[in-house]
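As structure tokens, the structure follows; a few thoughts come after it.
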Amino acid sequence: MITLYNTLSRKKEEFKPIEPNAVKFYMCGPTVYDFFHVGNARSFVMSDMIRRYLAYRGFDVTFAMNLTDVEDKIIRRANEENQSAKEIADRYADAFFEDAEKLKIRPADSNPRPTEHMDEIVAMIERLVENGYAYEVGGNVFYDVAKFEGYGKLSGKKLDELEAGSRVEVNKEKRNPLDFALWKKAKPGEPKWRSPWSEGRPGWHIECSAMSCARLGETFDVHAGGSDLIFPHHENEIAQSEGANGKPFVNYWLHFGFLNIDDEKMSKSLGNFFTARDVLDNYSAASLRFFFAQTHYRSPLNFSSDGLEAARAGLEKLRVLAEKLKRAKPRAGKDDFDVETHYARFNEACDDDFNFPKGFAVLFDFARDVNRRLAQGEPSETLVEKAGTFLREIAEGVFGVVDFSEDAAADPTLETELIEFLIELRAEAKREKNYALADRIRDGLAERGVRIEDGKSGVTYRKTDA
RNA sequence: GGCGGCGUACCCAAGUGGCUAAGGGAAAGGUCUGCAAAACCUUCAUGCAUCGGUUCGAAUCCGAUCGCCGCCUCCA
């Protein structure tokens with residue numbers, strides 16, 4: 001049984017998707033006006049791991065992640081750089097896919113964009129107007145929050161308290177300061193689309209309601225995003241979708257904790273951020289993913305080079321084990337290796353609200369178990385096969401921190417041939433007790449990112465990870 | 001002001017009523033090695049911010065205190 005913490009109920013619930021073996025999963029993606037930062041990356045990676053875990057547990061997951069390509073920040077950026085909004089959006093959408101691929105985030109089943117769903121967006125606003133949840137003023141359309149009974153149910157806020165606490169907003173068109181824009185009339189030079197009210201563009205919140213509905217249905221299973229989206233974004237999505245469709249919107253809401261720097265939230269507005277691509281220049285995707293997964297997805301996580309360094313070092317154990325298993329020359333036969341217990345412990349850990357830190361603990365216990373057996377001599381065929389499958393399914397398949405398919409030995413290139421040649425030379429030097437030369441070869445390769453290791457059954461090498 | 005969360009070893013971090021408080025990093029000793037590296041073995045919190053309380057039993061529940069953070073405004 002999988003349980004997960006549902007922001008809507010504020011407690012762990014048993015996970016029961018609408019269709020027993022299928023999960024419809026929507027993740028709030030980026031607004032494409034800049035490169036995304038490592039804080040964004042944390043959410044994207046964690047949603048990726050959750051999606052992978054659900055698939056590993058046998059669910060047929062349909063994963064949709066929007067790219068917001070119409071928004072004020074894009075327009076502002078376009079004006080700053082003297083480009084069209086479309087050019088900006090296209091450029092950073094491309095950058096998003098590049099970075100996501102580098103982070104080993106599996107491509108979504110769909111990446112809907114508002115510019116491609118204008119008809120659905122306009123239609124949903126029309127339904128909200130018809131149903132009495134929205135009103136038009138001078139070409140703008142606003143959601144009338146007072147009309148929606150459940151407003152505040154996700155964020156735990158009460159309408160009157162919100163009003164009391166809200167900053168004074170200078171917009172006389174709104175009936176209530178908390179009303180939010182569904183449709184914005186275009187100012188001269190702004191991108192615009194046709195609608196019954198004016199030529200303009202959708203407000204930020206409506207796209208997720210319209211597009212999730214288009215891709216996953218009026219009611220779907222999981223909706224995820226960063227904690228800062230709980231209010232107002234997700235609260236507003238509920239008001240829109242349920243106001244328009246008259247049905248429950250989402251059954252389970254998942255929210256990711258923030259990535260902090262010096263215990264403060266990393267954010268663009270605070271300026272204390274690193275872009276994911278900059279971090280990926282110095283650390284591998286695997287290190288970053290492990291760094292993220294070591295902390296529960298709902299907890300805050302402090303970003304630091306020490307932490308990344310520790311993650312990098314810790315991952316070595318798994319990567320080395322993967323190499324050993326790949327190159328093992330097993331003897332025929334069986335042994336008493338009990339991989340089932342490892343699976344059971346792993347599943348039990350992660351079924352509990354995606355407790356990946358605990359899942360990793362199981363993975364390291366597994367690694368110790370296997371390493372201990374490998375150290376005893378020739379491993380059996382069953383050990384190599386079962387352990388390899390486990391590592392491939394968990395470390396590569398669920399977590400994406402080990403690359404099993406990457407096999408340098410199977411694809412000789414000039415580079416690997418040269419490395420192997422140098423290893424031969426070193427072996428020769430060692431036989432002649434010319435250790436100075438042997439060490440020089442080893443050190444020279446190490447400087448270039450290739451580490452040589454003398455094992456019992458011969459010399460192995462591997463490329464050191466960032 | 002309203003609402004929510006957090007404080008576990010040198011660092012990161014799981015554990016939310018009951019075996020000896022996971023796991024990773026760092027550190028120390030050992031096996032192996034020409035020397036290393038990796039791997040393996042061993043050591044590393046009588047204690048979980050502080051003080052009270054409930055209980056046969058609490059890091060875990062309750063109360064108070066101290067410290068930190070987030071949302072309420074664009075933000076993953």
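The figures that follow rest on heavy atoms only: side chains count, while hydrogens, waters and symmetry mates do not. All chains are named by letter (A, B, ...) in the order of the sequence lines, taking the proteins before the strands, and each is independently numbered beginning at 1.
Distances were taken from every side-chain heavy atom of A:E264 (C-beta onward) to each of B:rG70, B:rA14, B:rG34; the shortest belongs to B:rG70. Each of B:rG23, B:rA39, B:rC74 was ranked by its minimum atom distance to the side chain of A:P232; first place goes to B:rC74. In this structure, of B:rC74, B:rC40, B:rA76, it is B:rA76 that holds the atom nearest to the side chain of A:H37. Of the candidates B:rA14, B:rA37, B:rG70, B:rA37 carries the atom nearest the A:R451 side chain, counting heavy atoms from C-beta on. Distance from the side chain of A:A438 is smallest for B:rG34 among the nucleotides B:rG34, B:rG24, B:rG2.
For A:R331, the CZ atom counts as densely surrounded, since its 6.0 Å shell holds more than 12 non-hydrogen atoms of other residues, nucleotides or ligands. Within a 6.0 Å radius of CD in A:E149, no more than 12 heavy atoms belonging to other residues, nucleotides or ligands are found. Atom CD of A:E101 sits in a sparse spot, with 12 or fewer heavy atoms from other residues, nucleotides or ligands closer than 6.0 Å.
With both pairing distances under 3.5 Å, B:rG4 is matched to B:rC69 as a Watson-Crick or G-U wobble pair. Pairing for B:rU16 is absent, with no Watson-Crick or G-U wobble pair whose two atom distances lie under 3.5 Å. B:rU31 is paired with B:rA39 under the Watson-Crick or G-U wobble criterion, all donor-acceptor distances under 3.5 Å. Within the shown strands, nothing qualifies as a pairing partner of B:rU46 under the Watson-Crick or G-U definition with both distances less than 3.5 Å. Searching all strands for a Watson-Crick or G-U wobble partner of B:rC51 with both distances below 3.5 Å returns B:rG63. The partner of B:rC10 is B:rG25, judged by Watson-Crick or G-U wobble contacts that both fall below 3.5 Å.
A donor and an acceptor atom never sit less than 3.5 Å apart when one is taken from the side chain of A:R442 and the other from the base of B:rA37. One can find a donor-acceptor pair under 3.5 Å joining the base of B:rC35 and the side-chain atoms of A:D454. For A:D439 against B:rG34, a side-chain N or O and a base N or O form a donor-acceptor pair under 3.5 Å.
The CG-P distance, from A:D352 to B:rU16, rounds to 8 Å in whole Å. Atoms CZ (A:F180) and C1' (B:rC72) sit 16 Å apart, rounded to a whole Å. Here B:rG5 presents its P atom at 20 Å from CG of A:L301, a figure rounded to the nearest Å. Between A:F360 atom CZ and B:rA13 atom P the separation is 15 Å, expressed in whole Å. The nearest whole Å value for the distance from the CZ atom in A:F258 to the P atom in B:rA76 is 10 Å. B:rU31 atom P lies 22 Å from atom CG of A:L374, rounded to whole Å. Rounding to whole angstrom units, CG of residue A:L325 and C1' of B:rA39 are separated by 13 Å. A:L270 places its CG atom 8 Å from the P atom of B:rC71, with the value rounded to the nearest Å.
Shown here for A:Y53 and A:N347, the closest heavy-atom pair between the two residues is OH-O, 3.3 Å.
Summary of the strand contacts: A:A313 and A:R42 both lie near RNA chain B, and taking for each the nucleotide with the nearest heavy atom, the more 5' one is attributed to A:A313. If you find the closest nucleotide of RNA chain B to A:G314 and to A:P300, the one lying nearer the 5' end belongs to A:P300.
Stacking annotation: A:F364 is not stacked on the base of B:rG23 (requires ring centroids less than 5.5 angstrom apart and an interplanar angle below 30 degrees).
A donor-acceptor pair under 3.5 Å links the side-chain atoms of A:N355 to the main chain of A:K358, judged by distance alone.
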